[in-house]
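Each remark here refers to the structure printed beneath this line.
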Amino acid sequence: MAEDSEPRVAAAIDRLGEQLVADRRHLHRHPELSYHEQATAELCAERCEVLGFTVRTEVGGTGVVADLDSGRPGPTVMLRADTDALPIQERGADRPVRSQNDGAMHACGHDGHVAMALGAAAVLAGMPDAWSGRLRMCFQPAEEVAGGAQPMIDAGAAEGVDRVLGIHLWAPLQVGRVAVGPGPLFGSADEFGLVVRGRGGHGGMPHTSIDPVVCAAQVVTALQTIVSRETSPFNPAVVTIGRIEGGSAFNVIAEEVRMRGTVRAFEHEERERLLRRIAEVARDVAAAMRCEAEFIRANGCPPVVSDAAVAEVVRRAAVKTVGEQNVDQAPRITVGDDVALFLERAPGCYFLVGAGDVAKHPVAPHHHPEFDIDERCLPIGAGTLARAALIELNAR
Ligand SMILES: [Zn+2]
Ligand SMILES: [Zn+2]
């Protein structure tokens, strides 16, 4: 049935073209920071209601879950889109489409994610005779702080879900291309803290104190060997100390130094090993220097892993959308995304849709004040998503 419905999908995506761009621009002009996505949630809820979905709002905060039941038995397929913006001041006063909220910006493409998900919802709602089971839209807040998925899951968003599909627009990938594959796409992303404690004193009399600044410098250096000396070069991993603070004056030896960092890995065991080794290395290096190091594990999410069978379905959908020659094998990328938590609950696929015209000019990276997407990506993403969902909704 999915095969026969192809001309209808293509026609629907054609008709939706302007709406996709209008939605993305509206969202880009009105970005909302993590946990504050009220207007975005309202827009998603209203649209889904008009399309005939049963809508739940305030799911785990500002999350929205919308279900459309075909009335026929079949799987429940979730389309997940993240809704939040970043605390970045958009650069370029002359940009035609620009954030109107000072200090907030869709610098990761989530404006496009929402627009494409709404587009796919409209396509499927417009051809209810072409599929069975249930379509579930999931508009997830607070992805950028890896804090939105878990509360939605706790509120039941993933209950009964058989498949999870989602897109990340990707500016380094040429617009017109789609990258998809089985296994890990994005790494795990964990935040951790370290506190190195010594004993304060006079900067001119260091022998009467225990200097946590010198110790912290040794700890930072030693932590680099966890990746360079203990991790297989065939298995990418990252340990970054992004923040360090300690001391109050040039001639005072500090009491303590505080650090914060992040760890990225592509396998569960690697993730746990890296975190364990950070704690051990920090503790033992500190002990050698008569200090104490405390390791604090903070927010984190697992790697984003696509199921092989669902990835193959998405690949077929992408081939229909952009042609075989424009579908790439997905790379592994050391950013994180808490879609991982949904993908742990049901087999699914997270894939990349090219969003930059890299053949013409260099593109600003994600999370940059000059980040932008090439809007030609929108019908490609919406089309691939709708086609993949149709295949899954006809699978049994
Ligand atoms: Zn981001
Ligand atoms: Zn993102």
Side-chain angles (χ1 to χ4, degrees), residues 23-24 27-28 31-37 40-41 44 62-63 79-91 99 101 103-118 138-150 152 164-173 175 178-180 184-191 238 240 242 262-264 299-306 330-343 348-356 363-375 377-378 380-382 384-385:
D23 285 347
R24 183 264 158 172
L27 291 161
H28 193 84
E32 296 176 297
L33 297 179
S34 307
Y35 301 116
H36 300 280
E37 306 87 341
T40 307
C44 296
T62 46
L79 307 189
R80 177 272 198 185
D82 43 10
T83 59
D84 56 332
L86 285 154
I88 293 174
Q89 182 66 38
E90 184 161 9
R91 239 183 254 158
S99 169
N101 297 350
M105 176 186 176
H106 272 296
C108 200
H110 300 186
D111 46 354
H113 299 175
V114 173
M116 293 184 296
L118 287 172
C138 172
F139 296 98
Q140 184 217 298
E143 185 283 322
E144 292 293 0
V145 293
Q150 190 62 54
M152 285 197 83
V164 176
L165 298 171
I167 291 176
H168 210 300
L169 290 174
W170 203 243
L173 183 67
V175 66
V178 174
V180 57
L185 172 70
F186 290 167
S188 59
D190 284 282
E191 180 183 348
V238 177
T240 290
T262 186
V263 176
R264 311 294 166 106
N299 269 350
C301 69
V304 173
V305 182
S306 293
R332 287 195 289 178
I333 300 168
T334 47
V335 302
D337 193 311
D338 63 357
V339 72
L341 298 172
F342 289 110
L343 291 168
C349 178
Y350 207 50
F351 60 102
L352 302 179
V353 171
V363 299
H366 288 253
H367 293 203
H368 187 278
E370 284 162 19
F371 177 80
D372 202 2
I373 61 167
D374 186 316
E375 288 170 336
C377 66
L378 298 172
I380 294 171
T384 305
L385 205 50

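Ligands are counted one by one from 1 in listed order, and the atoms in each one are counted from 1 as well.
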| Of the backbone and side-chain N, O or S atoms of H113, does one lie nearer to the Zn ion (ligand 2) than 2.8 Å? | no
| query | Would C108 count as a contact for the Zn ion (ligand 2), in the sense that one of its N, O or S atoms lies under 2.8 Å from it? | reply | yes
| query | Are H106 and H113 close enough that their ring centres sit under 6.0 Å apart? | reply | no
| request: Confirm or rule out an N/O/S atom of E143, from backbone or side chain, lying less than 2.8 Å from the Zn ion (ligand 1). | output: no
| task | Tell me whether H367 has at least one N, O or S atom under 2.8 Å from the Zn ion (ligand 1). | result | yes
| Given side chains that start at C-beta, do those of F139 and T40 come closer than 4.5 Å, heavy atoms only? | no
| field | Validation row: Q150, C301 side chains within 4.5 angstrom (heavy atoms) | value | no
| note | Atom name of the N, O or S atom of H110 nearest to the Zn ion (ligand 2) is NE2
| query | Which word best sums up how the rings of W170 and H366 line up, parallel for under 30°, tilted for 30 to 60°, or perpendicular for over 60°? | reply | parallel
| message | Is it true that T62 and E37 share a donor-acceptor pair across their side chains at a distance under 3.5 Å? | response | yes
